[in-house]
Amino acid sequence: MVKDSISDGRRIGQLLASELTGLQRGPLSGVSVVDANRDVEPTPAGAFAYRVTADGTEVAVVEVTPETARLVLEQAPVTAPERDDITVDGTTVVVHSGAAVKTAVDMLERSLSG
């Protein structure tokens, strides 16, 4: 069993970008990560990391804090999971661990489908 979890906001943001660009199914087939700030330094208020587009239209912005990555959606997510490592506040999905990245991507996928 893994005892260490990824809780570095910059690394979570990188994992999220990899997952978004690696999946080519359904509504995620047109998703791209653009305007990436490769040298982003996380801040408590959230530093801009990159934009997420679907078929050329911006659907989200990702910001990183020292402990989290925030997926700020253009519209509220369709569903919010019951997990300790994801917090949803309106259109903002806060990813608290690397393990929650896939769930955040699934939320974006459902939002794009709806």
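- If you chain together hydrophobic residues whose side chains sit under 4.5 Å apart, L112 and V101 fall into the same group.
- With sequence neighbours left out, the side-chain contact (heavy atoms from CB on, under 4.5 Å) criterion links D106 to R25, E109, R110.
- Taking all atoms of both residues into account, the shortest heavy-atom contact from L71 to A104 is CD2-O, 4.2 Å.
- To the nearest 0.5 angstrom, M107 atom CE is 7.0 Å from L73 atom CG.
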Taking only distance into account, with no hydrogens and no angle test, what donor-acceptor pairs under 3.5 Å do side-chain atoms of residues 27-35 form with protein atoms, sequence neighbours excluded?
| residue | atom | partner | partner atom | Å |
| --- | --- | --- | --- | --- |
| S29 | OG | G26 | O | 2.8 |
| D35 | OD2 | R51 | NE | 3.3 |

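- Taking both residues in full, the closest heavy atoms of E41 and A47 are given as O-CB, 3.3 Å, listed atom of the first, atom of the second, then distance.
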Please output the side-chain donor-acceptor pairs of residues 11-23 that fall under 3.5 Å, not counting sequence neighbours, one pair per line with the distance.
| residue | atom | partner | partner atom | Å |
| --- | --- | --- | --- | --- |
| R11 | NH1 | Q14 | OE1 | 3.4 |
| S18 | OG | Q14 | O | 3.2 |
| E19 | OE1 | K102 | NZ | 3.4 |
| E19 | OE2 | K102 | NZ | 3.0 |
| T21 | OG1 | A17 | O | 3.0 |
| T21 | OG1 | S18 | O | 3.4 |

Would you be so kind as to tabulate the donor-acceptor pairs closer than 3.5 Å made by side chains of residues 58-70, with sequence neighbours excluded?
| residue | atom | partner | partner atom | Å |
| --- | --- | --- | --- | --- |
| E63 | OE1 | R70 | NE | 3.2 |
| E63 | OE1 | R70 | NH2 | 2.8 |
| T65 | OG1 | E67 | N | 3.4 |
| T65 | OG1 | T68 | N | 2.9 |
| T65 | OG1 | T68 | O | 3.4 |
| T65 | OG1 | T68 | OG1 | 2.6 |
| R70 | NH2 | A45 | O | 2.4 |

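- V72 belongs to no hydrophobic cluster, as no Ile, Leu, Val, Met, Phe, Trp or Tyr side chain comes under 4.5 Å of its own.
- The distance from the CG atom of D39 to the CG atom of N37 is 6.0 Å, given to the nearest 0.5 Å.
- The nearest pair of heavy atoms linking A76 to T91 is N-CG2, 3.5 Å.
- Considering D85, T103, D8 as possible partners of S97, the one that fulfils the side chain to side chain donor-acceptor pair (under 3.5 Å) test is D85.
- Among residues two or more places apart in sequence or in another chain, the side chain to side chain donor-acceptor pair (under 3.5 Å) test is passed with R10 by none.
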